[in-house]
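Below is one structure; the comments refer to it alone.
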Amino acid sequence: MHILLMASAFNSLTQRVYAELGELGHTVAVEVTPDGDAMRAAVVRHEPELVVAPMLTAAIPADVRTARTCLIVHPGPPGDRGPASLDRAVQEGVTAWGVTVLQAEEEMDAGPVWASVDCEVPPVGKSDLYRGEVSDAAMEAVLLAVDRFASGAYVPRRQSDPALAAAVRVRPALRQDERRIDWAADPTATVLRKLRAADSRPGVVDELLGARWFLHGGHPEDRLRGEPGRLLATRAGAVCRATRDGAVWLPRLRPRPAPGGPPTFALPAVTALGALLPPLPEDPLPPELAGARDTWADIRYREDGAAGVLSFSFPGGAMSAADCRRLLAAYRHARTRPTSVLVLGGARDVFSNGIDLKAIEAAADPGAESWANITAIDDLVEAVLTTTDRLVVAALGGNAGAGGVMLALAADEVWCRQGAVLNPHYRLMGLYGSEYWTYTLPRRVGPAMAARLTRQALPVGAAAALRIGLVDRLLMCGPQEFGADVARLAARLARTAGTQPRIAAKKAEAERREARRTLASYRAEELARMREAFFDPRSSYHALRSAFVHRRAPAGTPSHLREAPAASCP
């Protein structure tokens, strides 16, 4: 079937729908449609049999939805209506939710229901939930709705049906006065729900050290205590703040924009506060001790027999120079342990998206910071590539992009959760790329496919990634089960009789590789191209980075999507 995806942005869910529908044999086009006129033009241009809107904030015009069946993906169960569905679900602490695919009508979210799928709501942030359980449910619901439409026999259920009407609940956007934290009165559980419900956007407006901030994300703390509202300590860029009955870690803050001033973006709390931050003790937590604590740690290490798991989780998958150095130090420590299998990853949500564009944008010298960041992540990738005394497994519980994909490809095996989407390219940021990709990507998929992936700059679904050789194993599990499944499989691999011969063969192959062409030569060639982009003020990288960080949406569909082949699967 010929399907048109209309979306307000080519976000993670839209990318997954695009990739998985294409993998099933549908021809799929994408249009970023900011308004009704753009939607009309898109339908005329593509003449689709069906329109699907995975993430659309603008209303579909009447003439479009009467001429074509238009299906809307709503991140709420049947009957739920309103623009803050997930925000309210997380803030209210529900444990079960759902996704509904409904037909567009004049009243938002009120159309006939084509499919609905339930999902669990673990205690995680809204963005993590959206990319995890909600994405899984949405994909299942979209595929069911598409099949039902294709059959020509299914009659969607109107919400006036008595079985659905009782569940109808229209709720407005979640205002900041409803999100406000009362540090003296709110228990820690309430504070965490409010922070998690706004972790990506919009954040929770709060006053701290005499200034107004948006708080982004929150994590519990099991030991530190103090006067409610006071800052207690720092850890790896985050700050710990006391609540009525405990404390929470605040990883990121965003300054509240001045009236009429430029937009702001989130940064590590310590960086954002800058000179406002009073002297506070640093409360370090070695990765190997984090597993026994109910506290915030973005890097953790654990062992099960001869298998070690070094997991990490950075906001949005962005890895600053400092993050890369800390992860490299943890990786080097993990290599001193008596294990035969070392897993890099294994956490739920985003694996990595490469360098931290926000940290670079905020730097006094973005070019120099870009260089520091790329060399730091290159050092990390080099450490993985040169590990010859054990097998290394990259375990992707969620999406990965650019240098994050290439970090994974440095491992001996890549394991991927079935709902992940990979973007193995750099072109959309105006960069050639590094992280040894000119060695690892062709080694995995062949030179022709490597050129195609980097040139087209399109998302690759997990099934297609397995088929073309980007990954070696798909884990058919939910986000919450991924970590335990990875640890169990890694422990089994460590016990396998063939593992030690593989390690010996790996070391011999590394020596032969270096004799043919050194890893250092790949790095030097890549970095020469990157230096040109970083230090040339006329380079498109600087404008593209700024647009990304400040969330300046494109005026319409980006050219790489307009130029994309009709079928999305590689």
Side-chain angles (χ1 to χ4, degrees), residues 299 301 307-312 319 321 323-337 339-346 351-355 373-396 400-416 422 424-426 432-447 450 453-454 465 469-473 490 493 499 502-530:
I299 303 174
Y301 179 76
V309 179
L310 180 62
S311 59
F312 54 94
M319 299 168 63
D323 295 332
C324 292
R325 294 178 189 124
R326 290 191 298 114
L327 185 55
L328 176 58
Y331 184 85
R332 286 171 171 163
H333 174 76
R335 284 183 54 180
T336 68
R337 301 293 302 159
T339 60
S340 56
V341 173
L342 175 56
V343 175
L344 184 63
F351 176 76
S352 171
N353 282 317
I355 61 177
N373 204 158
I374 199 66
T375 54
I377 197 170
D378 275 6
D379 289 344
L380 174 61
V381 176
E382 180 187 22
V384 177
L385 281 170
T386 56
T387 298
T388 57
D389 60 347
R390 67 199 73 203
L391 295 182
V392 181
V393 174
L396 283 61
V405 176
M406 308 314 168
L407 169 61
L409 297 188
D412 302 298
E413 294 189 17
V414 180
W415 300 350
C416 179
L422 309 184
H425 52 80
Y426 304 84
Y432 179 74
S434 192
E435 295 98 0
Y436 297 86
W437 79 266
T438 51
Y439 166 66
T440 59
L441 187 59
R443 178 183 66 164
R444 275 269 172 183
V445 302
L453 293 173
T454 52
L470 270 178
V471 306
D472 302 289
R473 182 196 292 265
L493 178 60
T499 295
R502 282 185 64 188
I503 294 171
K506 172 185 175 179
K507 180 174 172 53
E509 172 55 30
E511 292 171 352
R512 289 192 294 269
R513 176 200 66 209
E514 281 293 293
R516 292 191 301 268
R517 182 180 176 183
T518 65
L519 286 176
S521 68
Y522 290 98
R523 176 169 176 161
E525 287 186 4
E526 293 168 359
L527 288 180
R529 300 283 292 271
M530 296 291 271

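The figures that follow rest on heavy atoms only: side chains count, while hydrogens, waters and symmetry mates do not. Count residues from 1 along the sequence.
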Item to check | Validation row: L409, W437 side chains within 4.5 angstrom (heavy atoms) | outcome: no
Item to check | Nearest atoms (heavy-atom pairs only) where E526 meets G433 | outcome: CB-O, 3.6 Å
Item to check | Distance in Å, C324 SG paired with I355 CD1, rounded so as to fall on 0.5 Å steps | outcome: 9.0 Å
Checklist entry - How long is the gap from OG1 on T339 to CZ on R390, to the nearest 0.5 Å? => result 4.0 Å
Next on the checklist: I need the minimum non-hydrogen distance between A410 and V381, along with the two atoms involved.
Outcome noted: CB-CG1, 3.8 Å
Next on the checklist: Just to verify, what does Y331 make a ring pair (Phe, Tyr, Trp, His ring centres under 6.0 Å) with, not counting sequence neighbours?
Outcome noted: none
Checklist entry - Are side-chain heavy atoms of H425 and L453 found at a separation under 4.5 Å? => result no
Checklist entry - Do D389 and T387 have side-chain heavy atoms sitting under 4.5 Å apart? => result yes
Next on the checklist: Let me confirm one number: the CG-CG distance from L327 to D379, rounded to the nearest 0.5 Å.
Outcome noted: 12.0 Å
Checklist outcome for this item: By salt bridge (charged side-chain N to carboxylate O under 4.0 Å, His left out), R513 pairs with (sequence neighbours left out) none
Item to check | side-chain contact (heavy atoms from CB on, under 4.5 Å) against R473, all qualifying residues, sequence neighbours excluded | outcome: W415, L475, L489
Item to check | Smallest separation among heavy atoms of E435 and Y426, with atom names | outcome: OE1-OH, 2.6 Å
Item to check | Contacts of type salt bridge (charged side-chain N to carboxylate O under 4.0 Å, His left out), residue E382, not counting sequence neighbours | outcome: R523
Item to check | Distance, nearest 0.5 Å, that separates CG of L328 from CG of D378 | outcome: 11.5 Å
Next on the checklist: Any non-hydrogen side-chain atom of Y301 less than 4.5 Å from a side-chain atom of L342?
Outcome noted: yes
Checklist entry - Heavy-atom distance under 4.5 Å between the side chains of L470 and V445, does that happen here? => result yes
Checklist outcome for this item: Residues passing the salt bridge (charged side-chain N to carboxylate O under 4.0 Å, His left out) test with E514, sequence neighbours excluded, are none
Checklist entry - Any idea which heavy atoms bring A408 and F351 closest together, and the distance? => result CB-CE2, 3.9 Å
Item to check | Separation between CG of D323 and CD1 of I377, rounded to the nearest 0.5 Å | outcome: 10.0 Å
Checklist entry - Does the distance from a Lys or Arg side-chain N to an Asp or Glu carboxylate O, for R529 and E525, drop under 4.0 Å? => result no
Item to check | Beyond-backbone contact of K506 with V392, side-chain heavy atoms, under 4.5 angstrom | outcome: yes
Checklist entry - What heavy-atom pair brings P424 and T454 nearest, and what distance separates the two atoms? => result O-CG2, 3.6 Å
Next on the checklist: Using the rule given for side-chain contact (heavy atoms from CB on, under 4.5 Å), can you reason through V471 versus L396, listing the C-alpha separation, both sets of side-chain angles and the distance that settles it, and then say yes or no?
Outcome noted: CA-CA 10 Å; V471 306; L396 283 61; 5.5 Å; no
Checklist entry - Under the salt bridge (charged side-chain N to carboxylate O under 4.0 Å, His left out) test, which residues partner D472, sequence neighbours left out? => result R444
Checklist entry - What distance separates T388 OG1 from R335 CZ, expressed to the nearest 0.5 Å? => result 7.0 Å
Checklist entry - So do L385 and L519 actually touch side chain to side chain, heavy atoms under 4.5 Å? => result yes
Next on the checklist: Whether E509 and R443 form a salt bridge (side-chain N of Lys/Arg under 4.0 Å from carboxylate O of Asp/Glu) is what I want to check.
Outcome noted: no
Item to check | Heavy-atom pair with the smallest gap, counting every atom of A330 and I299 | outcome: CB-CG2, 3.9 Å
